[in-house]
Amino acid sequence: MMLFLIAVVFAIVWAAVTGSLSPLNLILGFLLGLLALWIIRRDFAGGRTVFRPLKLLSLAILFVKELAISAWRVAVLVARPRMDLKPGIFAFPLAVDRDIEITLLANLITLTPGTLSVDVSEDRRFLYVHALDCSDPVGTKRDIANGFERKILEALR
């Protein structure tokens, strides 16, 4: 039943992203959602993952907020006559350890303007992140840990 509901949510998100609420588009979104769930089924086979809808909603709200703030910051940075950027790559220590959690964190970081997930270390303890402005890597690490990573842990464990 839970997989069906998740696939329905995927269908609604698909319709919102494509901008078409036609029945065929909703069916396509539902089928794509089922396919995505089938692809990642092994990550949930152990039964360790518990979906908490309100926590997932909280993560989505945080992402939209961070997306807006980051987009504004990047726009301000590039609109300045003299761009004083300090780009760089830093190693973010991971508290998440499962593939689904690491992938979700890396994607949320990449989708946020001004940051890009570059790689995961072989031992899966660090995520390498490129930042457009890396003048305060400690602060950026703290923001990721207290934001996206904490919300992922709350939502998926």
Side-chain angles (χ1 to χ4, degrees), residues 1-21 25-26 28-77 89-121 124-157:
M1 183 65 173
M2 183 58 115
L3 293 178
F4 177 79
L5 291 175
I6 294 170
V8 168
V9 169
F10 282 171
I12 294 168
V13 169
W14 174 261
V17 168
T18 60
S20 171
L21 283 172
N25 197 40
L26 285 169
L28 176 63
F30 181 78
L31 293 175
L32 288 173
L34 286 177
L35 177 65
L37 291 170
W38 181 78
I39 290 171
I40 63 171
R41 71 190 180 283
R42 282 179 264 124
D43 290 327
F44 299 106
R48 283 179 46 197
T49 301
V50 176
F51 286 102
R52 294 179 179 87
L54 292 178
K55 298 289 185 178
L56 286 171
L57 178 63
S58 175
L59 175 62
I61 291 169
L62 174 68
F63 172 69
V64 170
K65 176 186 152 212
E66 289 296 323
L67 180 69
I69 291 170
S70 296
W72 176 256
R73 286 181 183 159
V74 169
V76 167
L77 277 173
I89 295 177
F90 62 89
F92 175 75
L94 291 169
V96 295
D97 59 353
R98 294 184 297 153
D99 288 342
I100 188 80
E101 296 167 343
I102 294 170
T103 302
L104 181 57
L105 178 62
N107 282 321
L108 289 174
I109 289 170
T110 297
L111 289 171
T112 306
T115 55
L116 175 70
S117 300
V118 178
D119 199 5
V120 178
S121 64
R124 299 164 43 118
R125 292 179 49 225
F126 294 96
L127 177 66
Y128 296 101
V129 178
H130 178 275
L132 184 63
D133 186 14
C134 198
S135 57
D136 183 19
V138 174
T140 305
K141 288 178 192 179
R142 184 180 55 248
D143 291 344
I144 293 171
N146 293 334
F148 289 145
E149 191 173 42
R150 182 176 58 82
K151 292 287 188 181
I152 289 170
L153 288 171
E154 289 174 358
L156 297 180
R157 289 198 179 174

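Computed from a prediction, not measured in an experiment: that's the story for all the values here. Residue numbers start at 1 and run along the sequence shown.
Considering every non-hydrogen atom in both Gly147 and Leu62, the closest pair reads C-CD2, 3.4 Å. Scanning all heavy atoms of the two residues, the minimum distance from Asn25 to Ser20 falls at ND2-O, 2.7 Å. When all heavy atoms of Phe10 and Gly33 are compared, the pair lying nearest together is CD1-CA, 3.2 Å. Across Leu26 and Ala15, no two heavy atoms sit closer than the pair CD2-CB, 3.6 Å. When all heavy atoms are compared, the tightest approach of Tyr128 to Ala91 is CE2-CB, 3.6 Å. Here the shortest heavy-atom pairing between Pro93 and Lys141 reads CD-CD, 4.3 Å.
Inter-residue side-chain proximity for Thr140 and Cys134 is flagged as unmet; no heavy-atom pair is nearer than 4.5 Å. A 4.5 Å side-chain heavy-atom check between Leu156 and Leu104 finds at least one atom pair inside the cut-off. Side-chain contact between Thr110 and Leu116 is present, with heavy atoms from C-beta onward closer than 4.5 Å. Side chains of Ile61 and Leu59 form no contact here, defined as non-hydrogen atoms less than 4.5 Å apart. Put simply, the side chain of Asp143 does not reach to within 4.5 Å of the side chain of Phe148, judged on heavy atoms.
Atom-to-atom distance recorded for Asp119:CG and His130:NE2 is 14.0 Å, nearest 0.5 angstrom. Atoms OG and CG, on Ser70 and Leu77 in that order, are 10.5 Å from each other to the nearest 0.5 Å. Considering CD1 of Ile102 and CZ of Arg125, their distance stands at 12.0 Å, rounded to 0.5 Å. Rounded to the nearest 0.5 Å, atoms CD (Glu149) and CD1 (Ile109) are 8.0 Å apart.
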- Query: side-chain contact (heavy atoms from CB on, under 4.5 Å) between Leu127 and Val120: does it pass, once the steps are laid out?
  - Reply: CA-CA 5 Å; Leu127 177 66; Val120 178; 3.6 Å; yes
- Message: With side-chain contact (heavy atoms from CB on, under 4.5 Å) as the criterion, how do Val96 and Leu153 come out once you've worked through the C-alpha distance, each side chain's angles and the decisive distance to 0.1 Å?
- Response: CA-CA 7 Å; Val96 295; Leu153 288 171; 3.7 Å; yes
- Which is it for Leu28 and Trp14 under the side-chain contact (heavy atoms from CB on, under 4.5 Å) test, yes or no, and what are the steps along the way? CA-CA 8 Å; Leu28 176 63; Trp14 174 261; 3.9 Å; yes
- Given Leu105 and Leu94, is the side-chain contact (heavy atoms from CB on, under 4.5 Å) satisfied, shown in steps? CA-CA 9 Å; Leu105 178 62; Leu94 291 169; 3.6 Å; yes
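Formation of a donor-acceptor pair under 3.5 Å by the Glu101 side chain with backbone atoms of Asp97 is found in this model. Between the side chain of Asn107 and the backbone N or O of Thr103, at least one donor-acceptor pair lies under 3.5 Å.
Centroid-to-centroid, the aromatic rings of Phe90 and Phe126 stay 6.0 Å apart or farther.
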